[in-house]
Structure formats: C-alpha cells, structure tokens
Amino acid sequence: EKGGYDYFMLKEIAEQPKAVADTLLGRIDVNGRLVLDEVRIPAHVLREIDKIVIVACGTAFHAGMIAKYAIEHWTRIPCEIELASEFRYRDPILDPRTLVIAISQSGETMDTLMALRHAREQGSRVLAICNTNGSTIPRESDAVLYTHAGPEVAVASTKAFLTQLVACYLVALYLGQVRGTKWGDEIHSLVRELSDIAKEVEEVLETMEPVRELARSLKDKNTVLFLGRHVGYPVALEGALKLKELAYMHAEGFAAGELKHGPIALIENDLPVVVVVPSPRGRSVLHDKIVSNIQEIRARGARTIVIAEEGDEAVVPYADHLIRIPATPTLLQPLVATVPLQVFACELATARGNEVDQPRNLAKSVTVE
Ligand code: F6R
C-alpha cells in the first residue's frame, strides 16, 4: 500500500527517518558501544583482517564508495570498492585475511552473488549488508548485517541506500571498536551523532518544497551535472544515477577536482549543475576548493544548484539555488545530502510524465549477470 502517497518512491523517501532509526535500533548499548552480535565473525578474526574489499552494484555501489572513506579513516584498514560485475574477472588478490563486504538491497543481484562466491572460493570471509531477510546473498555469506529499511517497492533505491550507509558506518565503527584503533574518542562522539541522524533527515524532508519547484522548472533540460568531493563525490554519482533512471535525462556526476581535467568543457550557458558542498567546519580546505569550483562554473554560465550546510555563508554569492542541509560530521553528510537529490529526481520524473515506481527498462532485482 502506498499509504496516501502517489508513488511508492515518495512513501519510501518519507520513511527514511524511521528506516535509519530502525537500522540503528538495538545495535548501540547504553554506554555507546556497538553491539553487532549478528556479525558472526569472531573478534580475533576481525583483528587479523588486513584488507577490506567491498562489492556492490548501482546505488549500493555508491554506499560502498562512501563506506571506504569511513572504514579507512576510522580503522586504518586498506579498503577497496569495486563494481561487483568487474570484480572476479580481473583475478583480484584475496586471502583469508581479506574481509569482503557485499552490499545489496534485494540480496538477489547476480553480479554481487558471483563476486561473493568468487571471494569465498579464495578463502576470504564475506559479510553481507542486505535488506531482504533470507535472500541468497546473506545465505551464502559468512555473516550478515541486515538493514531494517522495510520492503522497498519502487525500483529506484532510496531508503535502502540510507540504511546501507548506516550499516556501513556501524561496521566501520565496530571494526574500530574491536581493533581498538586510535579513533576511540571519535568513535564515541560519532555514535552519538549517528543517533541524531534520523531527526536531521526529517528536517531535510520538511524543507523540500523549493527543491520540487526547482525540479519542475528544469523539466525541459537535457542535461544536469553533479559535482562533489570526498564523500560528496559518491553523493553526486547517486544524484546523477537517480536522475538517469527516473527522469531519463543525461546526468553525470564528477569529482569536483576533476573538473579542470576535462568536464569543465561541458559547461555552457544555463546548464544546471548541482554541487554538494562539504562542511566548512570539517575539511575546510576541501570546502574552499569547492567554493572556487562553484565560482568557476558560474563564471562560465552554469546555473548553480548548491547543497550546503546551514550557516555556510561562503557559498551564498555563487548559488543560483541554495538547498540547506543540517550540519553533520563530514563522513555522515551523505545521509542528509542525498535526500534532496532523491526528491529532485522523483519530481523531475513526475514533471516529465514518467512512471516513477517502474522506470522503463529496469527491474527491482537484477538476477542475471
Ligand atoms: C538504483 C538501483 C540499482 C540497484 C542495483 C543493486 O536506484 O536501484 O542501481 O541499487 O541494481 O541492487 P541490490 O542492492 O538489490 O543489489
């Protein structure tokens, strides 16, 4: 049932605060320690892990890209992320000290399943992050951490993505906890911040009307570009993917630092460019570089759509449209920054007369390789 919404996608976007809270539920104890008993990989094994490889497809791949930043920063374990469809064909280096994390909403994606089978054949442990109880990917993995997003019906993934991120953060922080990394104090404050995230997602959802209006005004455009840096880069890729699959528009995400290496040639008059701006309080160097990027593209005619933290005044002079998100720690920003992009794509799809829940040529679970 759509629960009063026109589309499942709208319902699922609205359910995100609850989905995020449910994924955290029971996994943090009163002392702020992580309790992931379901991850049945013994602590001594996790302490010996010397490499993590994440495999996933589509939106889940973007969650994995973000997870890499968190895992490496919080645990200092080298972490790779690879498209599941590419993984086994390049003869990846895997052994029993490699932890493979397979992320999948459906748990039935054939590319991801084949990647994890390959990893297990090489003796690596596989941890699944999955939304569908008892599906094939968790059944074939050594352990599973379920995202508790509830059933996701719309083909385009929304709440599953946010809960995949939460699950990845939990795994990263748990690894930090088990291995006693030097980020001990930071882990505690991050766990607290994570507990506040549902409320912040709710705040974002309450301010989406201008985003919908903006989306409708762009319905006759052919192209939209997305720029981001650090964890904002996968967010840009996710924004572009949502727009492709729902609005059938040409949409591309770039790492903002790559602009000058080619993509800036695409900028022309009135081209909409969405820019995800990192917190000025966190990695301020990155923030300042992105602000320069916004200036550069605007000077070349781009119509800038800027997603920036509340209180970030530096972006104001260069934003044709400004979308505010609550202040969060840098690594958690994707949880709030992605939401406006989901709403944007959904509204553009509607404005263009597309079928939101069932985009053409797509299926909810892709069970062929
Ligand atoms: C995008 C989307 C797809 C899936 C991808 C992986 O909105 O839904 O890109 O994310 O097919 O699917 P799962 O997570 O089920 O393995």
Side-chain angles (χ1 to χ4, degrees), residues 7-13 15-16 19 23 54-67 81-87 100-117 119 126-141 144-168 226 234-249 251-253 334 338-339 341-349 354-369:
Y7 308 107
F8 280 107
M9 187 180 175
L10 287 172
K11 174 171 176 266
E12 289 161 5
I13 288 173
E15 283 170 348
Q16 291 183 112
T23 298
I54 306 175
V55 290
C57 306
T59 289
F61 175 76
H62 298 149
M65 284 179 81
I66 293 162
I81 159 81
E82 185 147 4
L83 290 168
S85 55
E86 288 292 324
F87 182 66
V100 172
I101 302 179
I103 310 176
S104 175
Q105 188 287 128
S106 63
E108 301 296 345
T109 300
M110 189 56 74
D111 288 319
T112 310
L113 181 61
M114 296 313 271
L116 85 82
R117 281 185 183 158
V126 177
L127 168 64
I129 291 181
C130 184
N131 196 44
T132 311
N133 276 50
S135 54
T136 311
I137 287 172
R139 272 194 281 118
E140 293 206 14
S141 299
V144 52
L145 186 65
Y146 281 109
T147 49
H148 294 304
E152 194 179 61
V153 177
V155 165
S157 188
T158 54
K159 62 176 181 170
F161 176 69
L162 256 61
T163 60
Q164 283 161 357
L165 287 178
V166 169
C168 288
F226 294 76
V235 172
L237 295 178
E238 175 62 8
L241 179 61
K242 285 278 113 47
L243 208 57
K244 284 175 204 160
E245 62 183 330
L246 291 158
Y248 318 149
M249 287 166 86
E252 266 193 272
T338 305
V339 175
L341 302 180
Q342 300 167 341
V343 172
F344 183 71
C346 185
E347 190 70 24
L348 253 162
N354 298 350
E355 178 53 64
V356 171
D357 287 336
Q358 282 290 342
R360 68 184 182 201
N361 310 341
L362 292 176
K364 183 63 184 163
S365 58
V366 185
T367 53
V368 291
E369 238 194 307

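Values in this document were obtained by computation on a predicted structure and should not be read as measured data. Residue numbers count from 1 along this sequence. Atoms within each ligand, like the ligands themselves, are counted from 1 in listed order.
No donor-acceptor pair closer than 3.5 Å links the side chain of Lys244 to the backbone N or O of Glu252. Side chain of Thr367 to main chain of Thr109: no donor-acceptor pair is present (N/O by atom type, distance under 3.5 Å, no hydrogens or angles). Remark: the backbone N or O of Ala160 is not paired with any side-chain donor or acceptor of Asn131 at under 3.5 angstrom. A donor-acceptor pair is defined here as one N or O able to donate and one able to accept, closer than 3.5 Å; such a pair exists between the side chain of Asp357 and the backbone of Phe8.
Under the salt bridge (charged side-chain N to carboxylate O under 4.0 Å, His left out) criterion, the residue pairs touching residues 358-368 are Glu152-Lys364, with sequence neighbours excluded.
At least one side-chain heavy atom of Gln105 sits under 4.5 Å from a side-chain heavy atom of Thr132.
Near ligand 1, heavy-atom contacts under 4.0 Å come from Cys57, Gly58, Thr59, Ala60, Ser104, Gln105, Ser106, Thr109, Val155, Ala156, Ser157, Lys242, Glu245.
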